[in-house]
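What follows is one structure encoded as structure tokens, with my remarks underneath.
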Amino acid sequence: MNTIIKTILSISFMLLTSYSIAQELSVIEANEKYGFENAQGKIVIQAEYDRAEDFSDDLALVMKNNKFGFIDKKGIVKIPLKYDNAESFYEGLAKVNQGAEFSELIGRLGGTWGSSIKREK
């Protein structure tokens, strides 16, 4: 009986470990667009974004058509791409900006950095 329990625990640990590793996503670039792949190199989120940051607090900052928003690990938009500038989540909060303008030399300038948005669970 002890051997059976050890075997079941060992198999459970391997499955949980492989699931955890498979959930780690990395930014990829293809044809000047960005998406995400898992640890095995399988594309999980198609390269359709103009910019993408690593996941933080289970959400990734992405930009498309000069607007920023956040997606989950399935590629579902959780916070609409409506911000002119934004930063990744940290401890449940992310800075977002409305009204910034883009400068070729400097990047995004101006606008209003309001209160950070809070991540919905």
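Only a predicted model underlies this, so the values are computations on that prediction, with no experimental measurement involved. Counting from 1, the numbers follow the sequence of the chain as shown.
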Drop me the distance from [X]'s [atom1] to [Y]'s [atom2], to the nearest 0.5 angstrom.
| X | Y | atom1 | atom2 | answer |
| --- | --- | --- | --- | --- |
| Glu24 | Asp54 | CD | CG | 10.0 Å |
| Phe70 | Asp57 | CZ | CG | 10.0 Å |
| Lys95 | Glu87 | NZ | CD | 5.0 Å |
| Asn85 | Leu61 | CG | CG | 8.5 Å |

**Q.** side chain to side chain contact (heavy atoms under 4.5 Å, CB included) against Asp72, all qualifying residues, sequence neighbours excluded
**A.**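 Counting only residues at least two positions away or on another chain, Asp72 forms a side chain to side chain contact (heavy atoms under 4.5 Å, CB included) with Leu59, Lys74, Ile76, Lys78.
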
Q: With sequence neighbours excluded, give me every ring pair (Phe, Tyr, Trp, His ring centres under 6.0 Å) pair touching residues 34-66.
A: Phe36-Phe55

Q) With sequence neighbours left out, what residues match Glu29 under salt bridge (charged side-chain N to carboxylate O under 4.0 Å, His left out)? A) none

Q. With a cutoff of under 4.5 Å between side-chain heavy atoms, which Ile, Leu, Val, Met, Phe, Trp and Tyr residues group with Ile28?
A.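 ILVMFWY cluster around Ile28 also holds Ile43.
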
Q. Is there any salt bridge (Lys or Arg N to Asp or Glu O under 4.0 Å) pair reaching into residues 30-48, and which pairs are they, with sequence neighbours excluded?
A.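 Applying salt bridge (Lys or Arg N to Asp or Glu O under 4.0 Å) to every pair that reaches into residues 30-48, excluding sequence neighbours, yields Lys33-Asp50, Glu48-Lys64.
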
Q.
What verdict does the side chain to side chain contact (heavy atoms under 4.5 Å, CB included) test give for Lys67 and Tyr83, after you've listed the backbone C-alpha separation in whole Å, the side-chain angles of each residue and the deciding distance to 0.1 Å?
A. CA-CA 5 Å; Lys67 295 293 181 180; Tyr83 298 100; over 6 Å; no

Q. Side-chain contact, heavy-atom cut-off 4.5 Å: Phe68 with Val62?
A. no

Q | Same cluster (ILVMFWY, side-chain, under 4.5 Å), Val77 and Val27 | A | yes

